[in-house]
Structures are given as structure tokens and as C-alpha cells.
Amino acid sequence: MKSSLDNVPLQLKVSDLEEAIADYTRRQGFRLDMIMPADNPSEALLSKGDSLVRLIVARERSTAASDTSWHPGRAGMEYRDLI
């Protein structure tokens, strides 16, 4: 019998989201199901069979000033904050 906790994802803090996604998808056979937000992703949900893994970037966000540098987003696109 399955419990309500069977599909709760394992949550892991990572320093480099792109590197962690590559490790889980290419080396461990997971599928990338969700990545967010589009501009400067900080969270990804991956699955393999009944296993779910949620990767969360472990970084502090600056609220002082806008960052005008370019950073990778979904689908290999580059983003920057224009505000």
C-alpha cells in the first residue's frame, strides 16, 4: 500500500543548478520535468520512475540593486534584469 509520502520529492540544495541537472539527467537517467523561473532559474523538478528530486539553488538573493549581467535561463536562453 502506498502512503501519501511516496511522491514527496527529495529536496536538495545545490550551488550550480545547471551542473546538478546535467548530473541527474545525463549520468543518472532522470528526466527534467520543471524548471523555474524562466529568467535565472533557481529550482528544478526531476523524475525517474516513482522517484522525484527537487533541486534548489542555495544562494542569497540581493535585494539592494538590480543585477544587469546576463545569466542563463530555460532552453539555453540568456536573460538579464532590465528594471
Side-chain angles (χ1 to χ4, degrees):
M1 180 201 277
K2 288 191 169 189
S3 75
S4 61
L5 298 177
D6 286 343
N7 289 329
V8 173
L10 171 66
Q11 295 188 28
L12 300 173
K13 299 274 186 180
V14 298
S15 58
D16 186 332
L17 188 61
E18 286 184 57
E19 183 179 307
I21 290 171
D23 180 53
Y24 275 88
T25 57
R26 294 186 194 134
R27 297 181 195 104
Q28 298 184 39
F30 278 77
R31 178 183 72 192
L32 178 62
D33 294 325
M34 188 252 341
I35 189 166
M36 63 180 242
D39 62 338
N40 199 16
S42 60
E43 183 177 332
L45 185 64
L46 300 103
S47 66
K48 179 180 177 182
D50 290 338
S51 300
L52 295 173
V53 176
R54 181 178 175 207
L55 304 174
I56 303 166
V57 175
R59 67 175 174 229
E60 304 243 349
R61 292 194 169 218
S62 172
T63 56
S66 290
D67 180 16
T68 59
S69 63
W70 291 88
H71 46 269
R74 289 191 294 200
M77 297 184 73
E78 294 284 324
Y79 291 85
R80 70 179 176 156
D81 187 2
L82 298 176
I83 298 176

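Every heavy atom of this structure was used, including side-chain atoms; hydrogens, water molecules and symmetry mates were not.
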Could you go through Leu12 and Tyr24, starting from their C-alpha distance and side-chain angles, then the distance that decides it, and tell me whether this counts as side chain to side chain contact (heavy atoms under 4.5 Å, CB included)?
CA-CA 12 Å; Leu12 300 173; Tyr24 275 88; 2.9 Å; yes
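When all heavy atoms of Val57 and Pro41 are compared, the closest pair comes out as CG2-O, 4.2 Å. Summarising the geometry of Ala58 relative to Lys13, their closest heavy-atom pair is CB-CB, 3.9 Å, with the distance given to 0.1 Å.
Distance check, rounded to the nearest 0.5 Å: CG of Leu46 to CE of Met34 gives 9.0 Å. Atoms CD and CD1, on Glu43 and Ile56 in that order, are 5.5 Å from each other to the nearest 0.5 Å. Atom CG of Asp23 sits about 13.5 Å away from atom CD of Glu18, to the nearest 0.5 Å.
Not a single salt bridge (charged side-chain N to carboxylate O under 4.0 Å, His left out) links Asp16 to another residue, sequence neighbours left out.
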